[in-house]
Structures are given as C-alpha cells and as structure tokens.
Number of protein chains: 2
Amino acid sequence: MPDVTASTVQHNLSQAELGAQTRERLLDAAERLFAEQGFAATSVRDITAAASSNIAAVNYHFGGKHNLYNAVFRRRMAAMREQRIASIRQARGESGTLEAVLQAFATAFLQPLVDRGSGRLLVELITREMLDPQLPRELFLAEVVGPVNEVLAEAIIAATPGLPPGPARLCVISIVGQLLQVAHRLRRGELSAGWGAELPPLPEMVDQIVRFSAAGVRACARGAR
Amino acid sequence: MPDVTASTVQHNLSQAELGAQTRERLLDAAERLFAEQGFAATSVRDITAAASSNIAAVNYHFGGKHNLYNAVFRRRMAAMREQRIASIRQARGESGTLEAVLQAFATAFLQPLVDRGSGRLLVELITREMLDPQLPRELFLAEVVGPVNEVLAEAIIAATPGLPPGPARLCVISIVGQLLQVAHRLRRGELSAGWGAELPPLPEMVDQIVRFSAAGVRACARGAR
DNA sequence: TTCCATATCAAACGAGCGTTTTATACGTTG
DNA sequence: CAACGTATAAAACGCTCGTTTGATATGGAA
C-alpha cells in the first residue's frame, strides 16, 4: 500500500470531491480503529493520523468524534441487517428445518469474525457496541438487532411446531447470548476457553451451538404446551 | 448515614488503624464506582471524593489506580468462587439431576444482580471484567472463572450419562454465554429485550435457561455418542 | 524530650483528550 | 478579474486524567 496522502492525490478534482474523499478516508480509518480498540480508547488524533488528514477534519466534516462514530455505523448498518436477514430467510426457504435456520444464523454471525477482511471489522464493531453501547440506544437496536432478532424468531417459530412467540423470543436471547460469548472469545484471540480447554475450529463450534440450541428450542416448545 | 469523614472519627486510634480504615473506605468506594461505571469511566478523584479522603491516598495506599482495581478484586474473589462452587456442589449432592445443577448455577449467577445489596456490586464487577478485562488475564480466570467452570462441567458430566468432557466444556460456554447475556440486559436496567419484548421476572428467566440448556446438554451427549 | 515512621493534605505537574480558532490555498461563481 | 465558499493546516484552548511533590500533623520508640 503506497500510503497516499491527501497532498499527493490527483489535483484535477473539485473541492467537493476532495472533501468527500477525505470524509471516506476518515470513515475507513475510524471504522478500523473503533473496531480494533473501542470508542473510548481511540482518539481523534489516532483517526486523523491514520486517515492522513488534519486533526480538525473530524470536527469539520462530522461535527465531533461521537458523530463520526454514528456515521461509521450508519454507513454499514443497512447492509449488515440485510445480509443477516437474507441468510436466515434463505435457510428458512430452502430446507426450513430448525437446524438449518440456526446453522445459517450462527454461521452468518461468526464467520466474518474468523475471516480476514472488512467483514471482520464490522462484527467487531457490533459486538463492542452490544457490550458497551455508545450509540443512541434506539439506533442500533432499532436498525439491526431488533429486525434481525424478529426475523430469527419468526423462522424459529415456523420451524418448531407448538412454540409460542414469547418463549421463542427468549430462545433468541439464549442463542444470541451463546454466539456473543463465542464471538467475544474469538475476538479476544484467546483460543483457550479461559480454563484450560481450547476452542475447537469454527464449524465444530457452530455445530455445537446448533445442536445445543435446537434441543433447547424444542424443549421450550414442549414446556410451553 | 451520617457521612463520617476521616477527620470526625474517633481520635484514639493508632496511625496504623487509621490507615487501614482509609484503605477500606477506598476499597469500598472503588468497588461501588467501578461496578457502577466501569474502570475507565471512574476517576481517582471520584473514588477519593466518595471515600472522603485525599486524591493522593490512592497512590499512597495502593500505588496507583490499577493496583487499587486489583485489590478490589482480590478482596472478594475467594468468597465469590467458593459461594458459586458451593451452590453447584449442594445441588449436585442433593438431587443431582441436570436441571437441579443448572438451576442452582443460574440462580447463583443471576440472583445477586436482582437483589439489592453488596452482592450486586460484585456481580456487576465480574460481568464488566469478563466483557472488558482490565485485570491481568490469568488472575480472574485462574481464581474464579476457571475453577467454577470446572466444577460446573464436572457436575454436568455426573448428571448426564454419556457426555464426554470436551462437549461438556463447550456446553458450559453455551450456558455461561446465556447467563452473561441475560445479566448484561438486567444490568443495563433494560427490562425491554431491546426489540419490543420485555424480559420476564427472574425465576421464569432461570426456568427458561434451565429448560433450554438441559435439553441442549442432553442433545450434546446424544450427538457425541 | 527528641526522633522517626506514618498518614494526610493542598497544590501542581505533565500528558492526553476533544474541540476551537485563525489563517491560508484554491476551485467555483458572479 | 474579483468575491465567495469550501477544504486544509498549525496552533492553541480548556479540561480531565493519573501521578508526584513537599509540607504538615501525629502517635509510638529511643
């Protein structure tokens, strides 16, 4: 990567285009740093240095560090939500079994964490935001968590005869809790489970959660009858 | 509460006794504030103000903010671990069913969060530490998480014929993940589950997790055979 | 009593933070 | 061309942070 700074890029751009370019560099740098270190631990100086722009650029273009954080999320939230919902819906449409739905969701949830690439940053941002919220509470919940959980709950209900909506939503909490816990351990880079044992590779991890959760969901359906 | 400051307490104490008293006030104040706001968001000035002592007291008595945090944990970790282990062992000894073990652990895990009192602070500290570790990694894991998880895994194995140790430990991760997720939502004071639904009262929450997890554990035992 | 270790205190230090100011360069527009 | 608005730049502002300093009081030991 040639480390192109703002002063070395092509000079035949309009000012507006240059501004937009700076804005994107700031968003990219902020996304990476917020994901890697969290909101509080990332300074505006870190971001502007990584984006090869001036310290004042964050306040000029976004009106403050917090607004920049919001903008980082706003840029990705829609795609994030749609990708997760699509993967649930696809599994529901194809075979429609409970296991297939759970497997699709768990994989969509955890896979980007293991892959290298930009998807990983996104998931790290999400898990950080869920564990230590910085956004206006309603924003992330309403835009991503709520809709995705709702679609997952519907898919689980459809795949599980006799499961009422209430218990289904509690099951979703149980499932998301497991996934966040695993995601958290993966994110911390500790393949050790923290007490001697090691975390197995992802597919086995997903299988474990699918088996565990499918049985849990069905037990809730029986219990609620 | 009469808001007793250091200068108003009895003057017939030795200097060493006065120092120990200050140290305890600092530990109490730090425990409360760290639990309520987290490590980074709590300043030394907050703590010393709450403890009615001087700013320099933290560095004088503990050698820094971080060492104070460690001391807060060190004071409680042993009791914490023993209480959880005892509650698992008791359930294992009494009826010994999988459901009883899970119920005992889930209750021991979540009950202090709902209760008023000092136990609540402790659990808040733990969950914060698990989600965003500030301690030397090995300390908390080795002192609390590891032993408790190990005892829980053993109890689950004993209650579940045919469950090998490996899957049992993964089940423990699944169970702890669910509990942390619920604890996190309880801690944030959001009775709303974040997407419309509300969290039911604790006993039903525990029942849900017990039913869900017992079925999950048994499914793992069948799957591993 | 004299000395010393301990504990407390107000004050300040130095660093980092998010943000603001002021000035400059430059494409766009009248 | 001249005037304007936009983008960037360096510097500084005001604040909070964890920590350190140096002075002061005080109970116990020589």
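What you see is a predicted model; the values in this text were computed from it and never measured. Convention: sequence-line order gives letters A, B, ...; per-chain numbering from 1.
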Counting only non-hydrogen atoms, which of residues 67-75 of chain B are less than 4.0 Å from DNA chain C?
-> none
How are the rings of B:Y69 and B:H66 set to each other: parallel, tilted or perpendicular (split at 30° and 60°)?
->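 It falls in the perpendicular class, over 60°.
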How are the rings of B:F212 and A:F212 set to each other: parallel, tilted or perpendicular (split at 30° and 60°)?
->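 Geometry flag for A:F212 against B:F212: tilted rings.
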Just checking A:A57: base, sugar-phosphate only, or nothing, at a heavy-atom cut-off of under 4.0 Å?
->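 Result for A:A57 = nothing.
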The side-chain contact (heavy atoms from CB on, under 4.5 Å) partners of B:Y60 (sequence neighbours excluded) come to none
Which atom pair, heavy atoms only, marks the closest approach of B:A91 to B:V101?
->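 It is CB-CA, 4.0 Å.
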Return the minimal non-hydrogen interatomic distance between B:V151 and B:I88, and the atom names on each side.
-> CG1-CG2, 3.8 Å
Without decimals, in angstroms, what is the distance between [X] [atom1] and [N] [atom2]?
| X | N | atom1 | atom2 | value |
| --- | --- | --- | --- | --- |
| A:R23 | D:dT6 | CZ | C1' | 11 Å |
| A:F62 | C:dT20 | CZ | P | 16 Å |
| A:Q21 | C:dG27 | CD | C1' | 15 Å |

Under a 4.5 Å cut-off applied to non-hydrogen side-chain atoms, are B:N70 and B:P136 in contact?
-> yes
Are A:V148 and A:F109 close enough that some pair of their side-chain heavy atoms sits under 4.5 Å apart?
->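 A:V148 vs A:F109: side chains apart.
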Output every pair passing side-chain hydrogen bond (donor to acceptor under 3.5 Å, both in side chains) with a member in residues 200-209 of chain B, not counting sequence neighbours, ordered by first then second residue.
->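 Passing the test, one end in residues 200-209 of chain B: no pairs.
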B:R120 atom CZ, over 12 foreign heavy atoms within 6.0 Å | yes
Return each pair, listed once, that meets salt bridge (charged side-chain N to carboxylate O under 4.0 Å, His left out) where at least one residue sits in residues 26-44 of chain B; pairs must be two or more places apart or across chains.
->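 Passing the test, one end in residues 26-44 of chain B: B:D28-B:R75, B:E31-B:R75, B:E31-B:R76, B:R32-B:E36.
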Grab the N/O contacts between the protein and nucleotides 15-18 of chain D below 3.5 Å, and write none if there aren't any.
unit_1	atom_1	unit_2	atom_2	d
D:dG18	OP1	B:K65	NZ	2.7
D:dG18	OP2	B:V44	N	2.8
D:dG18	N7	B:R45	NH1	2.7
D:dG18	O6	B:R45	NH2	2.7

For the helix from C:dC4-D:dG27 to C:dG30-D:dC1, what angle lies between the axis at the first five pairs and the axis at the last five pairs, to 10 degrees?
-> 20°
Under 3.5 Å, is there an N or O donor on one side and an acceptor on the other linking the side chain of B:N54 and the base of C:dA7?
-> no
The single option from A:R84, A:R81, A:R169 that satisfies salt bridge (Lys or Arg N to Asp or Glu O under 4.0 Å) with A:E150 is A:R169
Determine: side-chain N/O of B:T22 to OP1/OP2 of C:dT8, distance under 4.0 Å, yes or no.
->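 Looking at the OP1 and OP2 atoms of C:dT8, one of them is under 4.0 Å from a side-chain N or O of B:T22.
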Return no unless some side-chain N or O of A:H61 is found under 4.0 Å from OP1 or OP2 of D:dT6.
->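 For D:dT6, OP1/OP2 do not have a side-chain N/O of A:H61 under 4.0 Å.
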